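The structure under discussion appears below in the form of structure tokens.
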Amino acid sequence: AVLAYALNFNLKQKTVLRFCFVVNLLLSIDKLVSEPTRYGMDYIAYLQQAAAVWNGETNYTKLSSNLGPCYYPAGHIWHYIPAVWLHLYTEHAEIIIKFIHFVVQSLVNCFIAKIAYIYFKGLSVVKNSGDRDAQLLAFTMLASKETRFLHAQMYNDQIMVFYLVAGIY
């Protein structure tokens, strides 16, 4: 990313977004099956809370899990109801859901890059000079191993980040 920036190498926005989306998924593939911890400790709580809602519990104050009461906004539960369904019907649910989290992460990166293209375009005096800054940001986000690790843990924070970034865009 830094070398491309220093050499004034500039790709088209669509090319950068597609490249970052696909490469992020490819870099995430090893996390689907090789993580020593399969998922974060909260994932089981999300499943338990979502299963309670799916089975008819409508009183938010009664939602709880083995970790205690539900402290999150109720909207996250609706994202985990399909996870409950998957766990009921396939033994590969965890891998499918983890892959969905990686797709969400790739979408977040794309939305942030699109916001950066809009932002830097407004700041640039020379035509397309802001594209290089946005490209640097997109490639830098692609290099984040820590973010891919967090998505592999399947916390609901990544879902909230997606809605936040999509809302800003």
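This structure is a prediction, so every number in the text was calculated from the model and none was measured.
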Run the side chain to side chain contact (heavy atoms under 4.5 Å, CB included) test on Q13 and K114 for me, step by step, so that the C-alpha distance in whole Å, both residues' side-chain angles and the decisive distance to 0.1 Å come before the verdict. CA-CA 8 Å; Q13 178 181 347; K114 287 178 124 191; 4.0 Å; yes

Of the non-hydrogen atoms in L47 and V84, which two are nearest, and what is the gap between them? O-CG2, 3.5 Å

Value for CG (L136) from CE (M141), rounded to nearest 0.5 Å, stands at 10.0 Å

What's the separation between atom CD in Q135 and atom OG1 in T15, rounded to the nearest 0.5 Å? 9.5 Å

Roughly how far, to the nearest 0.5 Å, is the CG atom of L17 from the NZ atom of K12? 13.5 Å

Checking the side chain of Q48 only, and the main-chain atoms of S64 only, is there a donor and an acceptor separated by less than 3.5 Å? no

Taking all heavy atoms of H87 and all of E94, pick out the closest pair and write down the distance. CE1-N, 4.0 Å

Spatial distance of atom CZ (F21) from atom OG (S106) [nearest 0.5 Å]: 5.0 Å

Could you check if a side-chain atom of I97 sits within less than 4.5 angstrom of a side-chain atom of Y43, using non-hydrogen atoms only? yes

Is it true that H79 and Y163 have ring centroids separated by less than 6.0 Å? yes

The reported gap from OH in Y46 to CD1 in I81 (rounded to nearest 0.5 angstrom) is 15.0 Å

What's the shortest heavy-atom distance between L11 and V16, and which atoms? CB-CG2, 3.6 Å

Within this structure, what is the SG-CG distance for the pair C20 and L25, rounded to the nearest 0.5 Å? 11.0 Å

Checking Y117 now: which residues fulfil side-chain hydrogen bond (donor to acceptor under 3.5 Å, both in side chains) with it, not counting sequence neighbours? none

Identify, with sequence neighbours excluded, every residue that meets side-chain hydrogen bond (donor to acceptor under 3.5 Å, both in side chains) alongside N59. T61

With no hydrogens and no angle check, is any side-chain donor or acceptor of T90 less than 3.5 Å from a backbone partner on L86? no

Could you label the plane-to-plane angle of the W85 and W54 rings as parallel, tilted or perpendicular, counting under 30° as parallel and over 60° as perpendicular? perpendicular

